[in-house]
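Only this structure's heavy atoms are used, side chains among them; waters, hydrogens and symmetry mates stay out.
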Amino acid sequence: MNKLPQKEMQQISGAMEGGLTEQELREIEQVISKYLTSEEYDNLMEVLQTE
C-alpha cells in the first residue's frame, strides 16, 4: 500500500467508512490499478469486496 499516494489512500479510506457502493468500488479499482502490481491489486480487491 506504500505505492498509493496519500491523497488516494485518504479517498479510499473515506469511501470505505460508510461501506462501498458499486460506483465507489469501480472508481477505487481505476485508481489503484495505476499504482499496484496485478498481484497487489488482486489482493486488495479481495479485501475491499468482502467489506
Side-chain angles (χ1 to χ4, degrees):
M1 296 298 287
N2 292 336
K3 295 180 183 181
L4 287 173
Q6 182 68 25
K7 178 183 174 187
E8 305 296 355
M9 280 301 299
Q10 289 175 335
Q11 289 177 335
I12 292 170
S13 295
M16 290 181 67
E17 285 180 7
L20 293 173
T21 65
E22 280 294 316
Q23 178 64 31
E24 289 170 328
L25 185 57
R26 283 193 295 271
E27 290 170 5
I28 290 171
E29 288 172 346
Q30 291 175 348
V31 169
I32 64 175
S33 67
K34 297 176 192 175
Y35 301 102
L36 304 180
T37 66
S38 62
E39 182 179 338
E40 292 168 330
Y41 174 86
D42 291 342
N43 289 338
L44 182 57
M45 290 312 299
E46 185 176 313
V47 170
L48 292 176
Q49 291 174 345
T50 60
E51 290 294 315

Legend entry - Q23 atom CD, over 12 foreign heavy atoms within 6.0 Å: yes
Legend entry - Spacing of L4 atom CG and L36 atom CG [to the nearest 0.5 Å]: 5.0 Å
Legend entry - Value rounded to 0.5 Å, distance of CD in Q6 from CD in Q11: 11.0 Å
Inset, instruction - Can you see which heavy atom on K3 is nearest to which on Y35, and at what distance? - result: CD-O, 3.4 Å
Inset, instruction - To the nearest 0.5 Å, tell me how far L20 CG sits from I12 CD1. - result: 9.0 Å
Inset, instruction - State, yes or no, whether a side-chain contact exists between L25 and M45 at a heavy-atom distance under 4.5 Å. - result: yes
Inset, instruction - Please name all residues satisfying side-chain hydrogen bond (donor to acceptor under 3.5 Å, both in side chains) with T21, sequence neighbours left out, ordered by chain then number. - result: E24
